[in-house]
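Written out below as structure tokens is the structure these notes cover.
Read the numbers this way: they start at 1 and go in the same order the structure lists the ligands and their atoms.
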Amino acid sequence: MIMSKVYLSSPHMSGNEQKYIQEAFDLNWIAPLGNNVNGFERELAEYNSMEHAAVVSSGTAAIHLALRLLDIGPSDNVFVSSLTFVATVNPVLYEGANPVFIDSEADTWNMSPEALKRAFVDAEREGTLPKAVIVVNLYGQSAKMDEIMDICDEYGVPVIEDAAESLGSEYKGQKSGTFGKFGVYSFNGNKIITTSGGGALVSNDDEAIQKARFLSTQARDPAPHYEHSEVGYNYRMSNIVAGVGRGQLEVLDERVNQRRAVFDRYYEAFKVIDGFEFQPELEGTFSNRWLTALTVDPKKAGITRDDIINALDEHNIEARPVWKPMHLQPLFEGCSYYTHNQDVSKQLFENGLCLPSGSNMSQDVQEKIIQIIRDLIPAN
Ligand SMILES: *Cc1c(COP(=O)(O)O)cnc(C)c1O
């Protein structure tokens, strides 16, 4: 069977994006700001029941702005989930600060509250308390936000919630990305909704979000000429890109349902297979199931995670290992790391697999993926 490449997650337009882009053209509001930027910020904040949002050129830029707003600089410590994409941590390095990595726990695959607590106890004793904690919600599943917020509040340390992968997810009925001082979303091409590239910073702190907009447009002081007293960036989202975002946001809930349906079909097909364990959906949480992720125990399943990746690759289908934890990356050699009990994130990396999960993947293609995997399993 000849198939065009099947991606883990590919863009899925609603059709309405064009309408918003056309409006921008009609008004000649191509750049820099305008109706769509303001509209997208308002609609995104509303969707998440937050007061304010600033839309920017990427999720990475939004994380960087959050760190700047928290005044993080050289030799400051920042606690970060180890099991994540490097974009969570790169901005810590931009500011010359030190990441301290926190392991995952099996219930959510996200930051272990136990490991976080131990990191805080040590830091307090050594006088090296962090200036922020960055919590990641992996593949759409929320971390244990109550436990994590309690610990961070106890030490008075602000939380940045990296919800790049969990837009539309919930924790105890509240939208993902709205628990900390700042929340971050991404609209990169592979995310649940996309603007081709973009991101957002949300907060209930009006002043902070205004400052984020100021920093993301080269930090221009109010004056008739160009006056600057601090370092700024060219991070603002354009009015065209924001038009794509408005069209996408309209179908976000539909996309969440479609991704969850993809997950359900994989789950029904593989739940009987010994050694396959799906990323859990913790009670009281609602995952957007951005990517269907599972671990494959080779001893029980008789095949490895890599066997599956290779077999799918032969059919031009993309599957990938779970993120390689940051504490195992050469870039972060020598950084501190707090494990849960054993090194959970390392184990998830070694056996973890992400399957194609696009909301526009046909059921026929998914059936084919399921069949290819079934055929690999001994005695099936
Ligand atoms: C995608 C992603 C980001 C970065 O978003 P960009 O918009 O690509 O800069 C940050 N953190 C996580 C966990 C991500 O998956």
Side-chain angles (χ1 to χ4, degrees), residues 7-11 40 44 53-68 78-94 99 101-102 104 108-111 132-143 145 159-169 176-177 179-180 182-202 212 216 233-238 241-242 244-245 248-249 255 259 279 287-293 318 320-327 329 331-332 345 348-349 352 354 357-358:
Y7 292 97
L8 269 189
S9 176
S10 65
F40 190 30
L44 185 69
V55 292
V56 293
S57 53
S58 68
T60 312
I63 295 169
H64 189 196
L65 290 168
L67 295 174
R68 273 291 309 268
V78 179
F79 290 177
V80 194
S81 306
S82 184
L83 190 60
T84 186
F85 178 48
V86 70
T88 308
V89 205
N90 270 334
V92 174
L93 300 187
Y94 301 164
F101 294 111
I102 312 293
S104 294
T108 62
W109 293 20
N110 288 311
M111 185 180 276
V133 174
I134 309 178
V135 183
V136 179
N137 302 306
L138 215 62
Y139 305 128
Q141 171 58 50
S142 179
M145 291 313 296
V159 170
I160 301 167
E161 207 185 343
D162 180 349
E165 301 178 2
S166 61
L167 179 59
S169 301
S176 189
F179 289 83
F182 294 106
V184 169
Y185 301 113
S186 166
F187 311 110
N188 189 34
N190 63 352
K191 296 304 199 294
I192 191 158
I193 61 170
T194 180
T195 60
S196 75
L201 185 69
V202 295
S216 64
Y233 314 95
N234 185 0
Y235 276 172
R236 204 73 167 108
M237 182 179 278
S238 86
V241 166
V244 180
Q248 286 274 283
L249 194 61
R255 297 292 178 264
R259 300 250 177 185
Q279 182 183 25
S287 171
N288 68 13
R289 293 290 185 190
W290 171 55
L291 295 184
T292 292
E318 181 186 33
R320 284 187 186 270
V322 159
W323 298 123
K324 180 173 179 176
M326 294 302 115
H327 74 280
Q329 300 284 357
L331 178 62
F332 298 111
S345 67
L348 289 169
F349 166 61
C354 298
S357 308

Exercise. Give the intermediate values and the outcome of side chain to side chain contact (heavy atoms under 4.5 Å, CB included) for residues F85 and D162.
Key: CA-CA 10 Å; F85 178 48; D162 180 349; over 6 Å; no
Tabulating one pair per line, provide the atom names and distances (0.1 Å) for every N/O atom of ligand 1 that is less than 3.5 Å from a protein N/O atom.
unit_1, atom_1, unit_2, atom_2, d
ligand 1, 5 (O), S186, OG, 3.2
ligand 1, 7 (O), G59, N, 2.7
ligand 1, 7 (O), S186, OG, 2.7
ligand 1, 9 (O), G59, N, 3.3
ligand 1, 9 (O), T60, N, 2.9
ligand 1, 9 (O), T60, OG1, 2.5
ligand 1, 11 (N), T88, OG1, 3.4
ligand 1, 11 (N), D162, OD1, 3.4
ligand 1, 11 (N), D162, OD2, 2.8
ligand 1, 15 (O), E165, OE2, 2.6
ligand 1, 15 (O), K191, NZ, 3.3

Quiz item: Can you list the residues that meet the side-chain contact (heavy atoms from CB on, under 4.5 Å) rule with S176, with sequence neighbours excluded?
Solution: N137, E161, A163, S166, S169
Practice problem: For T60, check side-chain contact (heavy atoms from CB on, under 4.5 Å) against everything at least two apart and list the hits. | Solution: S58, A87, P91, Y94
Self-check item: With sequence neighbours excluded, residues passing ring pair (Phe, Tyr, Trp, His ring centres under 6.0 Å) with F179
Solution: Y171
Self-check item: Other residues, nucleotides, ligands: >12 heavy atoms within 6.0 Å of Y7 OH
Solution: no
Practice problem: Please work out whether the ring planes of W109 and Y139 are parallel, tilted or perpendicular, with thresholds of 30° and 60°. | Solution: perpendicular
